[in-house]
Amino acid sequence: MAACNGLFVYHILGLASLLAVFYFSLLGEVDLRFPGLLPSPGASRSHDASLPFVERRGAQLFLAGRPFYINGWNSYWLMDQAVEPASRHRVSDMFRAATGMGLTVCRTWAFNDGAYNALQLSPGHFDERVFKALDMVVVEARRHGVRLILSLANNLEAYGGKTQYVRWAWDEGVGLTASNDSFFFDPAIRDYFKVYLKALLTRTNHLTGVQYKDDPTILAWELMNEPRCITDPSGNTLQRWIEEMAGYVKSIDRRHLLTVGTEGFYGPTSPPEKLSVNPGHWFNNYGLDFIRNSKISDIDFASVHLYPDTWLLDANLEEKLKFVTKWVSSHFEDGDTELGGKPVVLTEFGLSHLVKGFEQSQRDAFYKSVYDIVHESAKRGGAGAGAIVWQLAAEDMEEYHDGFAIVPSETPSMQKLLTEQSCRLAALRHGEQEAKRILKAVCG
């Protein structure tokens, strides 16, 4: 009798599922091309195992036995937009636009702590609806041949950030201090963060059945977006945190690459010639120490950011371009020398149109300067592993524009620059399958 009842329920559920698909298809509320509500019937663990992981070999990244160079973009908002059916199409729109230019790596947030559409509602408590949205982002990236760099926390308050962790500890009466920097040294907060790390890394994607730690669609984890610890300019507090969290991530997941997420400012242990590269002496007070932070054995590649219009307020275009060359070249050289052979990725760079006297030609010149340095390093097999522009947006996303946002279809000169860089780097990848596709489909 129990078996008969179970069979009856099975048929009812099957009919309901068919009706639901029919209903949503008619209403247009769900883009069934974008896996979101129903698991892909062909998805399996073995299916994902067929995709190779991006690896580090000395100062270079490799994919399928060949050097891999990154021409990528930032769209931090992917998970957030994937939550709601009305905005979900923006994710697939963005991947489609980016791959149309040959871009193969996207950096995005895998965190939202206590804010609207929060992934982590409180320490160790997650919204499954938002986790499913992140699952969708991973699947959609895989479908378009894109690898993801997933950032795990924010130094800034946007999307919760370290401020939210400190607030949680303070509200629960276990926080040592209300200082935001206690995120890095408070034992209770460090435990909060480890609980989140374990939950994310061992998450089983509901669409594929594959744990995140086993999914090669993810290129790398980033510990934090732009970490700073201004209360300890010696850098010791931040260094201990990076060492601890990097070790913890690697204890769970040794297959994926790991980076810190720093902006690249040289610190107290750097030689004078490196300190002189910093855009002003006041940057030495953030508790950052690029070479020391990046040397940690569990860190696979170094991350650098670049914002000359913000850092050099009174400089003209020529002075900014000279700084760009000095800044990027210095860090790429560090990968070969100071870091003992580690890749270096420019994970954010941008020029805001809100700067006084902005002209699109200035942005074009700045981006071309960056791309030329990356290409030259790649040609000689150097540590410059690529660059990731901040940021690209899909059409009709004005609310996410921050002065840096570029809608490719609305900015032909930038679309051309991005595509040309993809083609130049793909030509250096010597027969790797994805590079062949880019050369054929994008570069003609």
Exercise for the section: State, without any angle test, whether Tyr367 and Asp372 hold a side-chain donor-acceptor pair at a distance under 3.5 Å. Expected result: no
Handout entry: Side-chain donor-acceptor contact under 3.5 Å, Gln60 with Tyr69
Key = yes
Practice task
Show your working on side-chain contact (heavy atoms from CB on, under 4.5 Å) between Trp168 and Tyr192 and close with a plain yes or no.
Solution key: CA-CA 9 Å; Trp168 280 332; Tyr192 287 168; 4.1 Å; yes
Problem - Gap separating the CG atom of Asn112 from the CG atom of Asn117, nearest 0.5 angstrom - result: 7.0 Å
Exercise for the section: For the pair Tyr266 and Phe290, name the ring-plane relationship: parallel under 30°, tilted 30 to 60°, perpendicular over 60°. Expected result: perpendicular
Exercise for the section: Apply the test side-chain hydrogen bond (donor to acceptor under 3.5 Å, both in side chains) to residues Tyr307 and Glu263: give CA-CA distance (whole Å), side-chain angles for both, the deciding distance (0.1 Å), then the verdict. Expected result: CA-CA 10 Å; Tyr307 290 101; Glu263 295 154 278; over 6 Å; no
Exercise for the section: Using atom types as modelled and distance alone, determine if a side-chain donor or acceptor of Ser329 lies under 3.5 Å from a backbone N or O of Thr325. Expected result: yes
Exercise for the section: Report the C-alpha distance between Gln211 and Asn205 in whole Å, list the side-chain angles of each, state the deciding distance to 0.1 Å, and finish with yes or no for side-chain hydrogen bond (donor to acceptor under 3.5 Å, both in side chains). Expected result: CA-CA 6 Å; Gln211 288 191 330; Asn205 190 312; over 6 Å; no
Handout entry: Donor-acceptor pair, side chain of Gln120 and main chain of Gly124, under 3.5 angstrom
Key = yes
Exercise for the section: Assert yes or no for the condition that the ring centre distance of Tyr196 to Phe111 is strictly below 6.0 Å. Expected result: no
Problem - Donor-acceptor side-chain pairing of His125 and Ser122 below 3.5 angstrom - result: yes
Problem - Any donor-acceptor N or O pair under 3.5 Å, side chains Arg424, Asn71 - result: no
Handout entry: Ring centers of Phe183, Phe193 separated by less than 6.0 Å
Key = yes
Practice task
Give a yes or no answer on whether the side chain of Ser87 reaches the backbone of Val83 with a donor-acceptor pair at less than 3.5 Å.
Solution key: no
Problem - Asn180 side-chain N/O to Lys162 backbone N/O, donor-acceptor pair under 3.5 Å - result: no
Handout entry: Charged N-O contact under 4.0 Å between Arg228 and Glu226
Key = no
Practice task
Taking the side chain as every heavy atom from C-beta outward, state whether Leu201 and Val249 have any atom pair closer than 4.5 Å.
Solution key: yes
Exercise for the section: Measure from the side-chain N and O atoms of Gln421 to the backbone N and O of Tyr371, and report whether any donor-acceptor pair falls under 3.5 Å. Expected result: yes
Handout entry: Backbone of Leu156 reached by a side-chain donor or acceptor of Asn154 within 3.5 Å
Key = yes
Exercise for the section: Flag the pair Leu119 / Phe131 as yes when at least one side-chain heavy-atom distance between them is below 4.5 Å, and no otherwise. Expected result: yes
Problem - Ser409-Glu395 side chain donor-acceptor pair, cut-off 3.5 Å - result: yes
Problem - Any side-chain heavy-atom pair of Glu140 and His144 under 4.5 Å - result: yes
Problem - Expected output: side-chain Thr259 to main-chain Phe301 donor-acceptor under 3.5 Å - result: yes
Handout entry: side-chain contact (heavy atoms from CB on, under 4.5 Å) between His375 and Glu420, intermediate numbers included
Key = CA-CA 11 Å; His375 183 238; Glu420 287 176 347; over 6 Å; no
Practice task
Return the minimal non-hydrogen interatomic distance between Ser330 and Val277, and the atom names on each side.
Solution key: OG-CG2, 4.0 Å
Handout entry: Ser179 versus Asp181, side-chain donor and acceptor atoms under 3.5 Å
Key = no
Exercise for the section: Report yes or no: do Asp364 and Gln360 form a side-chain donor-acceptor pair below 3.5 Å? Expected result: yes
Exercise for the section: Report the C-alpha distance between Asn74 and Val389 in whole Å, list the side-chain angles of each, state the deciding distance to 0.1 Å, and finish with yes or no for side-chain contact (heavy atoms from CB on, under 4.5 Å). Expected result: CA-CA 6 Å; Asn74 281 276; Val389 64; 6.0 Å; no
Handout entry: Check: His305 ring centroid to Phe349 ring centroid under 6.0 Å
Key = no
Exercise for the section: Examine the side chains of His331 and Asp334 and answer whether a donor and an acceptor come within less than 3.5 Å of each other. Expected result: no
Practice task
Classify the ring geometry between Tyr76 and Trp109 as parallel (under 30°), tilted (30 to 60°) or perpendicular (over 60°).
Solution key: tilted
Practice task
Report yes or no: do Asp253 and Trp221 form a side-chain donor-acceptor pair below 3.5 Å?
Solution key: yes
Exercise for the section: Give a yes or no on whether the backbone of Ile388 and the side-chain of Thr347 come within a donor-acceptor separation of less than 3.5 Å. Expected result: no
Exercise for the section: State whether Glu376 and Lys379 are salt-bridged, where the test is any N-O pair (Lys NZ or Arg NE/NH1/NH2 against Asp/Glu carboxylate O) under 4.0 Å. Expected result: yes
Problem - Cys106: which of Val146, Leu150, Leu219 passes side-chain contact (heavy atoms from CB on, under 4.5 Å) - result: Val146
Exercise for the section: List the steps, then state whether side-chain contact (heavy atoms from CB on, under 4.5 Å) holds for Leu392 with Leu103. Expected result: CA-CA 11 Å; Leu392 297 188; Leu103 306 185; 3.7 Å; yes
Problem - Single hit among Asp309, Leu317, Val355, Leu321 for side-chain contact (heavy atoms from CB on, under 4.5 Å) with Gln362 - result: Leu317
Handout entry: Geometric class of the Phe184/Trp241 ring pair [parallel <30°, tilted 30-60°, perpendicular >60°]
Key = perpendicular
Practice task
Ignoring hydrogens and angles, state whether a donor on the side chain of Tyr400 or Asp80 is under 3.5 Å from an acceptor on the partner side chain.
Solution key: yes
Problem - Exam field: side chain Gln164 to backbone Gly161, donor-acceptor pair closer than 3.5 Å - result: no
Problem - Main-chain N/O of Tyr248 paired with Lys198 side-chain donor or acceptor, under 3.5 Å - result: no
Handout entry: Charged N-O contact under 4.0 Å between Lys342 and Asp336
Key = no
